[in-house]
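Below, each value reflects all heavy atoms present in this structure, side chains not excepted, and no hydrogens, waters or symmetry copies.
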Amino acid sequence: MRNKNQTQDILWKDRKHFMWFPWSFTKYYIQNDRLMLESGLLHTTLDETLLYRIVDITMHQSLAGKLFNTGDIIIKATVDSSPEIILQNIVNPKKIRTMLSELVEESRLNRNVVGKEFYGTGGNIHHHDFDDNGICDSEETD
């Protein structure tokens, strides 16, 4: 979807909206295989999530959101400080959910990541290290 030489290109960006007005100090964008959330005016916080760590994407749209074509996207991710990320009141939420889902799959393919690397028994995450002989030394973390 993007050129390897253009790793700093922003693939999507938006702000948290009120109705259809982007009156907010919360910005969302996708850059360099990462979902970025930037918020604040005087004190800015920047939170990033690697796309391949996203495991679930849900869209919520109220009646007012349908009228103004805005909605929320709720993202569940693994191994992040915040396992649930909400992109609030963004424009074209259906289109963005589809695009985000495709980018997540593309990121996983590029990194050779499969779903079983996220889910172990009891929700544990497995890290696999292989020695020079190809023998796996697995380590579980909670």
Side-chain angles (χ1 to χ4, degrees), residues 1-132 134 136-142:
M1 179 170 220
R2 69 175 175 200
N3 188 347
K4 296 289 182 190
N5 296 331
Q6 298 173 335
T7 58
Q8 296 300 318
D9 285 347
I10 295 176
L11 299 176
W12 169 77
K13 67 179 178 176
D14 201 354
R15 288 180 177 263
K16 179 179 171 184
H17 288 72
F18 175 73
M19 306 261 181
W20 62 86
F21 299 110
W23 293 336
S24 172
F25 296 105
T26 302
K27 301 176 193 174
Y28 311 113
Y29 55 96
I30 297 174
Q31 179 181 31
N32 205 20
D33 268 354
R34 290 163 171 76
L35 174 63
M36 310 294 274
L37 286 77
E38 185 176 336
S39 60
L41 174 63
L42 300 176
H43 177 80
T44 302
T45 301
L46 181 62
D47 190 17
E48 87 177 42
T49 300
L50 293 167
L51 291 179
Y52 79 90
R53 292 183 174 173
I54 295 174
V55 294
D56 188 45
I57 303 169
T58 304
M59 186 201 76
H60 178 266
Q61 193 173 35
S62 66
L63 179 59
K66 289 179 184 180
L67 293 173
F68 298 111
N69 195 24
T70 61
D72 297 343
I73 295 181
I74 300 114
I75 297 169
K76 292 189 176 39
T78 61
V79 196
D80 277 344
S81 59
S82 175
E84 186 173 276
I85 301 158
I86 301 174
L87 307 179
Q88 295 181 328
N89 294 328
I90 61 169
V91 175
N92 297 320
K94 286 182 183 178
K95 179 181 172 186
I96 301 307
R97 186 200 60 78
T98 302
M99 180 196 65
L100 188 56
S101 182
E102 291 171 359
L103 289 171
V104 167
E105 290 302 317
E106 181 182 325
S107 179
R108 286 184 185 162
L109 286 173
N110 290 341
R111 295 175 184 255
N112 294 324
V113 175
V114 293
K116 66 183 179 182
E117 293 179 3
F118 291 114
Y119 303 110
T121 56
N124 293 335
I125 297 169
H126 297 271
H127 300 281
H128 302 284
D129 294 320
F130 294 90
D131 65 10
D132 294 333
C136 180
D137 177 25
S138 295
E139 173 185 328
E140 287 188 15
T141 60
D142 292 322

Notebook entry, point to check: For the atom pair CD1 (Ile90) and CZ (Arg97), what is the distance rounded to the nearest 0.5 Å?
Noted result: 11.0 Å

Item checked: Polar side-chain atom of Tyr28 near backbone of Leu35 as donor-acceptor pair, under 3.5 Å -> no

Notebook entry, point to check: If you measure from CE on Met59 to OG1 on Thr98, what distance do you get to the nearest 0.5 Å?
Noted result: 9.0 Å

Notebook entry, point to check: Looking at side-chain heavy atoms only, is the closest gap between Glu84 and Ile86 below 4.5 Å?
Noted result: yes

Note to self: Distance check, rounded to the nearest 0.5 Å: Glu38 atom CD versus Arg15 atom CZ?
What the structure shows: 8.5 Å

Item checked: Spatial distance of atom CZ (Arg53) from atom CZ (Arg111) [nearest 0.5 Å] -> 8.5 Å

Margin query: Set out, in order, the CA-CA distance, both residues' side-chain angles and the distance that settles side chain to side chain contact (heavy atoms under 4.5 Å, CB included) for Leu87 and Leu37, then state yes or no.
Written below: CA-CA 8 Å; Leu87 307 179; Leu37 286 77; 4.2 Å; yes

Notebook entry, point to check: Distance from Ile54 atom CD1 to Ile85 atom CD1, nearest 0.5 Å?
Noted result: 6.0 Å

Check: Are the side chains of Ile74 and Asp56 in touch, meaning some heavy atoms are under 4.5 Å apart?
Finding: no

Notebook entry, point to check: Do Arg108 side-chain atoms and Val113 backbone N/O form a donor-acceptor pair below 3.5 Å?
Noted result: no

Notebook entry, point to check: If every non-hydrogen atom of Asn69 is compared with every non-hydrogen atom of Pro93, which pair is closest and at what distance?
Noted result: O-CD, 3.8 Å

Note to self: I need the Met36 CE to Leu46 CG distance, nearest 0.5 Å.
What the structure shows: 4.0 Å

Note to self: My understanding is that only one of Leu11, Ile96, Thr49 makes a side-chain contact (heavy atoms from CB on, under 4.5 Å) with Ile30; could you say which?
What the structure shows: Leu11

Item checked: Considering all heavy atoms, the nearest Asp14-Val91 contact -> OD2-N, 2.9 Å

Check: Should Ile73 and Ile57 count as side-chain neighbours, where that means a heavy-atom distance under 4.5 Å?
Finding: yes

Checklist line | Leu100 side chain reached by Leu51 side chain, heavy atoms, under 4.5 Å | finding: yes

Checklist line | Donor-acceptor contact present, side-chain Gln61 to main-chain Asp72, <3.5 Å | finding: no

